[in-house]
Structures are given as C-alpha cells and as structure tokens.
Amino acid sequence: MPRRPEATIDKQKTVFFTDLVKPKTLIVLMGPTGVGKTDYSIALAQQLGSPIISCDSRQIYKELNIGVARPTPEQLNAVPHYFIATHSVQDYYSVGKYEQEVLALLDDLFAQHDTLLMVGGSGLYIDAVCFGIDDVPEVDEELRATLTQRMIIEGVDTLSQELKLLDPDYYNEVDIKNPARVLRALEVCIAAGKPFSKIRRNSPKNRNFEVRFIVLNRDREELYNRINLRVNQMMEQGLLEEAKSMLPYRHLNALKTVGYRELFDHFDGKCTLDEAVELIKRNSRRYAKRQLTWFGRYEGAEWREVGS
RNA sequence: GGUGCCAUAGCUCAGUUGGUAGAGCAAAGGACUGAAAAUCCUUGUGUCCCUCGUUCGAUUCGUGGUGGCACCA
C-alpha cells in the first residue's frame, strides 16, 4: 500500500508557480537511527546551499543531548539547523504543532531558496509536513487521564468495545489490541462528539512545494554494529548523568525514549547498568527496523546505500 | 594420562519409554494521523558433534573418536 501516492501539487498551483517562480522542492532525507544521516545531511546541505530542517521528534528538545545523538556544535555550525534543541520537554508538543511550525518556516525559507533540505527519522512528522495531518479537536488532559486510568484497570478490550459503539467504522479498521490507538480514537470521539473516522479524513493536503524522498540505508549488520558502538560512546560521554538529570521529567512523553527509560529502570533497581545498556542497544535496533518499515512505504523514494 | 559429566536453533537450555524436535532471549516481517525513539500484530529459525554398530527406523541405545567442563593423578 503506497503512502499517499496521490500527493502531488494541485494543478492550479503548479500553473501559478511555473508562471511566476521556479517550483520549490523540499528534499526529505530520512534513514534509520545510526545510519549516518547527520554527516550525510551536512554534506548535502552544503552542496544544495540549504539549511537543514530537522525532523526528529527527540532532538527537538533542548534538555536531551547525548541520548538522542544531537549533532555536535561544530556540525550545527557548519550549516544552519532548525528544530534542534528548540523546545522544552516540559512543554506539550505534538506532530500537529510541528507541522504548523515547519510550514511557517518553509514559507520564509522558500523566499530565498528553491531547494530545501529536511532531515530526520520521525516518520509521522515527515508525513505531517509532506501530506498534512487532519485537524482534530483538542482533547483536554483530564479526559485523557481518565481514559488512561481506565485502560490500565479495565484493559483494552473493554475500551475497544466502547469504541465500537461510538465509531464502528474505525473499530473495524483499527488495531483493537493497541491501547494507544484505541485510547486516541476514543478520546477524540468523546471530545469531538462525533466519530474519529469522520475527522480522520486521511486525504493529503495541498502543499505549494514538491517533495523528493531520499532514504539512507546500509547493510543491516553494519547498521546494528554502528548502533551498538554508538550506545557505548553515549555512555562514555555521560548518558548516565544526563538520564539522572531527567529523572524529574520521566513521566513526560518526551522522556519515553530509548536511552532514558532503560536507565530509569536501572535507577529503580529493576536491572543492572550493564543490562540497561544492552537493552538500549536492542531497543535502538528495533527502532531502526521500525523506521525502515515506515520508510518502505514512500512511493518513489530514492534509496541510497551507504557504508564500507 | 585416568574417571565422570556434557555436546540439540544465533545464545541459554528443555525434550523425544527409539517414529527426524520446542521454550525463553536474540532475530525477521508488518501496521501506524497530535505520546511516534511511542504503541501494537505476525513468524520461524535445526547435518539434534562425527563414526561405526543394534534396529523396519537412531537425535534418543551401544562402541570408538573429537571438543568442553569437573575431579583424580
């Protein structure tokens, strides 16, 4: 199933741009964690004369550095970067906000550039920028908290039965064993007073730029070796201390992140430090695999193999 | 050198009263619309160390090897 294949510029806008200005292109460079996106993107950005718009749901936080493999100060100075260390873990953030902020930025930057480079591994964020995300009413915290509580106590099955009543269409589509998905659908149904499936149109929004996808990949074994090695390096750089300093925020979404939660478990005495480090490696590997699955659905993407 | 124990999936091991095998972990594949580095679904992985023998049939029993561990010299 191709990901949003019909997402091309609408005819009128194409005419408008070819008449007055050159068409604008957003190059989206993506790849699994640890492939080597950072180095590659800096070289590519310099070649294109473009800044880098980061599309990374974790590097966006200023409190997270070592554990999210933030580019070094030298790398950040080599090319202007956006959306790196710009937000706080303490502030609520979401794909929707990211979409808005990036689109506003693109409007500005395209005035100076014909080609812009976006780089990152957060698939949902890439989708939001390239194809848009439906407008869903705000859900207040209390409702979410109540439903989360009920999810824990009553289990997914009870809540998915409730979803079946409120939104039979979505119930038939959704993975009813997935608490996150059931909970979201349910909270939107309740907050909006209408079925989630009526809100989630899943139709691409028009964008006034073209998109080109590049997926960076490398031999699986080599990728995993790099991930394992990088985790060791993170530990040498002081990931343990960084995680310790994040303990007060461990309940926040931003800290539900590979590299931190495993160390939190260690602090709780649930595992030894060595075990925690091994788990960070494993979970990073699994994350990389999930990313590759996601990227595999971008129709027309150019896959570039890198490596020795 | 002698004696004993062990050798089965990538790893740790279970098992077959003789009918070619299964757990955990690792791994592989997939899903994905405001938590997305999140959350969830599916799936195996095999010269059962080698040799010869007994047997209709040996991974299973026996002989002899090889390797590992332990104890004794």
Side-chain angles (χ1 to χ4, degrees), chain A residues 1 3-4 7 30-34 37 54-61 64 66-70 89 91-101 120-141 144-145 147-148 151 156 160 170 173-185 187-188 191-192 196-205 220-221 223-224 227-228 230-231 234 243 249-263 275 278-298:
Chain A
M1 200 200 306
R3 179 167 291 269
R4 318 287 179 86
M30 64 193 101
T33 190
K37 286 192 293 295
S54 172
C55 188
D56 187 305
S57 70
R58 291 302 187 265
Q59 288 181 2
I60 203 169
Y61 295 114
L64 308 183
I66 299 167
V68 298
R70 184 149 97 204
V89 295
D91 299 327
Y92 177 76
Y93 201 67
S94 69
V95 217
K97 291 193 180 191
Y98 180 77
E99 180 196 12
Q100 288 171 9
E101 291 172 7
S122 300
L124 185 63
Y125 283 36
I126 293 172
D127 266 23
V129 170
C130 300
F131 311 115
I133 196 159
D134 293 305
D135 295 316
V136 175
E138 288 273 321
V139 175
D140 69 72
E141 277 179 46
R144 176 169 287 194
L147 289 173
T148 307
M151 185 65 81
V156 224
S160 42
Y170 192 65
E173 259 180 70
V174 77
D175 175 4
I176 54 166
K177 286 184 181 170
N178 189 329
R181 216 127 286 151
V182 170
L183 192 130
R184 165 106 266 246
E187 71 178 12
V188 172
F196 183 47
S197 54
K198 293 278 183 288
I199 296 163
R200 198 187 72 120
R201 303 306 313 159
N202 206 7
S203 59
K205 292 179 183 171
R220 187 66 64 89
E221 195 182 333
L223 176 67
Y224 284 2
I227 288 172
N228 296 341
R230 193 171 71 168
V231 173
M234 286 174 176
Y249 308 119
R250 61 183 295 180
H251 59 284
L252 298 170
N253 291 326
L255 271 303
K256 288 182 180 164
T257 301
V258 176
Y260 298 89
R261 25 156 68 176
E262 295 86 353
L263 289 173
E275 284 165 349
E278 283 312 303
L279 285 171
I280 294 173
K281 291 175 184 173
R282 185 199 68 182
N283 292 338
S284 299
R285 277 181 250 133
R286 290 181 174 175
Y287 170 51
K289 218 180 92 55
R290 268 179 275 133
Q291 287 178 298
L292 285 167
T293 300
W294 183 289
F295 302 148
R297 293 174 60 198
Y298 288 108

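Numbered from 1 within each chain, the chains take letters A, B, ... in sequence-line order.
Look at the P atom in both B:rU55 and B:rG18: the space between them is 16 Å, to the nearest Å. B:rU12 sits 34 Å from B:rU54 when the C1' atoms are compared, rounded to a whole Å. Rounded to the nearest Å, the gap between the C1' atom of B:rC48 and that of B:rU60 is 9 Å. Rounded to the nearest Å, the gap between the C1' atom of B:rU47 and that of B:rC5 is 25 Å. B:rC40 and B:rA23 have their P atoms separated by 23 Å, given to the nearest Å. Using atom C1' as the reference point in both B:rA38 and B:rC49, the two lie 46 Å apart (nearest Å). Of the C1' atoms belonging to B:rA58 and B:rU20, the separation is 9 Å, rounded to the nearest Å. If you take atom C1' in B:rA73 and the same atom in B:rC56, they sit 47 Å apart, rounded to whole Å.
For B:rA36, neither phosphate oxygen OP1 nor OP2 lies less than 4.0 angstrom from any side-chain nitrogen or oxygen of A:Ser122. In this model, the phosphate group of B:rA38 is not approached by any side-chain N or O of A:Tyr260 to a distance below 4.0 Å at OP1 or OP2. Side-chain N/O atoms of A:Tyr92 include one lying less than 4.0 angstrom from OP1 or OP2 on B:rA35. The shortest distance between the side-chain N/O atoms of A:Arg290 and the OP1/OP2 oxygens of B:rG30 is not below 4.0 Å. Residue A:Arg220 has a polar side-chain atom (N or O) positioned under 4.0 Å from OP1 or OP2 of B:rG29. Under 4.0 angstrom from either OP1 or OP2 of B:rA35 there lies at least one side-chain N or O belonging to A:Arg144.
Atom CD of A:Glu141 and atom C1' of B:rA35 are 13 Å apart (whole Å). Atom OH of A:Tyr93 is separated from atom C1' of B:rA36 by 13 Å (rounded to the nearest Å). Separating the OH atom of A:Tyr287 from the C1' atom of B:rU39 is a distance of 13 Å, rounded to the nearest angstrom. Atom CG in A:Asp127 sits roughly 13 Å away from atom P in B:rA31 (whole-Å rounding). Atom C1' of nucleotide B:rA35 and atom CZ of A:Arg184 are separated by 9 Å, given to the nearest angstrom. For A:Gln291 and B:rA31, the CD to C1' distance is 15 Å, given to the nearest whole Å. One interatomic measurement links the two molecules: CG of A:Leu252 to P of B:rA38, which rounds to 16 Å at whole-angstrom precision. The distance from atom CD1 of A:Ile133 to atom C1' of B:rA36 is 10 Å, rounded to the nearest whole Å.
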Could you run down the sub-3.5 Å N/O contacts of the protein with nucleotides 10-13 of chain B?
none

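The line from OH of A:Tyr92 to CD of A:Glu138 is 7.0 Å long, rounded to the nearest 0.5 Å. A:Ser160 contributes atom OG, which lies 11.0 Å from atom CG of A:Leu183 (distance to the nearest 0.5 angstrom). A:Met30 CE to A:Asp56 CG: the interatomic distance, rounded to the nearest 0.5 Å, is 13.5 Å. To the nearest 0.5 Å, atoms CZ (A:Arg70) and OG (A:Ser54) are separated by 11.0 Å.
In terms of modelled atom types and a separation under 3.5 Å, the side chain of A:Asn283 and the main chain of A:Val258 share no donor-acceptor contact. For the pair A:Tyr260 (side chain) and A:Gly67 (backbone), a donor-acceptor distance under 3.5 Å is present. Between the side chain of A:Gln291 and the main chain of A:Gly123, no donor-acceptor pair closer than 3.5 Å is present.
When the nearest nucleotides of RNA chain B are assigned to A:Tyr170 and A:Arg285 by heavy-atom distance, the more 5′-ward of the two goes with A:Arg285. When each of A:Val136 and A:Thr257 is assigned the nucleotide of RNA chain B bearing its nearest heavy atom, the one mapping closer to the 5' terminus is A:Val136.
Checking B:rG29, B:rU39, B:rA35 against the side-chain heavy atoms of A:Leu183 singles out B:rA35 as nearest. The side chain of A:Leu124 sits closest to B:rA36 out of B:rC40, B:rA36, B:rG29. For A:Arg261, the listed nucleotide lying nearest its side chain is B:rA38; candidates were B:rA36, B:rA38, B:rG34. Side-chain proximity of A:Pro179 to B:rA27, B:rC40, B:rA36: nearest is B:rC40. Side-chain proximity of A:Arg282 to B:rA28, B:rA38, B:rC25: nearest is B:rC25. Here the side chain of A:Trp294 is nearest to one of B:rA36, B:rA31, B:rA35, namely B:rA36.
Here A:Asp56 lies in heavy-atom contact (under 4.0 Å) with a base. Residue contacts shown for A:Tyr61 are absent, as no nucleic acid heavy atom lies under 4.0 Å away. At a threshold of 4.0 angstrom between heavy atoms, the contacts of A:Gly67 include nucleobase atoms, whether or not backbone atoms are also involved. Residue contacts for A:Lys289: at a heavy-atom cut-off of 4.0 Å it reaches a base atom on one of the strands shown. Nucleic acid contact for A:Tyr125: sugar-phosphate only, since backbone atoms but no base atoms lie under 4.0 Å from a heavy atom of the residue. No contact: A:Val188 has no heavy atom under 4.0 Å from any strand.
Judged by distance alone with a 3.5 Å cut-off, a donor-acceptor contact links the side chain of A:Arg181 to the base of B:rA38.
Taking 90° from 0 as the syn/anti boundary, the base of B:rG34 is oriented syn.
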Practice prompt. Go through A:Glu99 and A:Phe131 one step at a time and tell me if the side chain to side chain contact (heavy atoms under 4.5 Å, CB included) criterion holds.
Written response: CA-CA 10 Å; A:Glu99 180 196 12; A:Phe131 311 115; over 6 Å; no

Item to complete: Run the numbers on A:Arg285 and A:Lys281 for side chain to side chain contact (heavy atoms under 4.5 Å, CB included), then give the verdict.
Response: CA-CA 6 Å; A:Arg285 277 181 250 133; A:Lys281 291 175 184 173; 3.7 Å; yes

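A:Tyr61 and A:Asp91 are not linked by any side-chain donor-acceptor pair at a separation below 3.5 angstrom, with hydrogens and angles left out of the test. No hydrogens or angles considered: nothing links the side chains of A:Ser284 and A:Arg230 as a donor-acceptor pair under 3.5 Å.
With a 4.5 Å cut-off on side-chain heavy atoms, A:Phe196 and A:Val174 do not count as touching.
Scored by the salt bridge (charged side-chain N to carboxylate O under 4.0 Å, His left out) test, A:Arg144 finds A:Glu187 as partners (sequence neighbours excluded).
Taking a pair as Watson-Crick or G-U wobble with both distances under 3.5 Å, RNA chain B forms stems of 3 or more consecutive pairs at B:1-7 with B:66-72, B:10-13 with B:22-25, B:27-31 with B:39-43.
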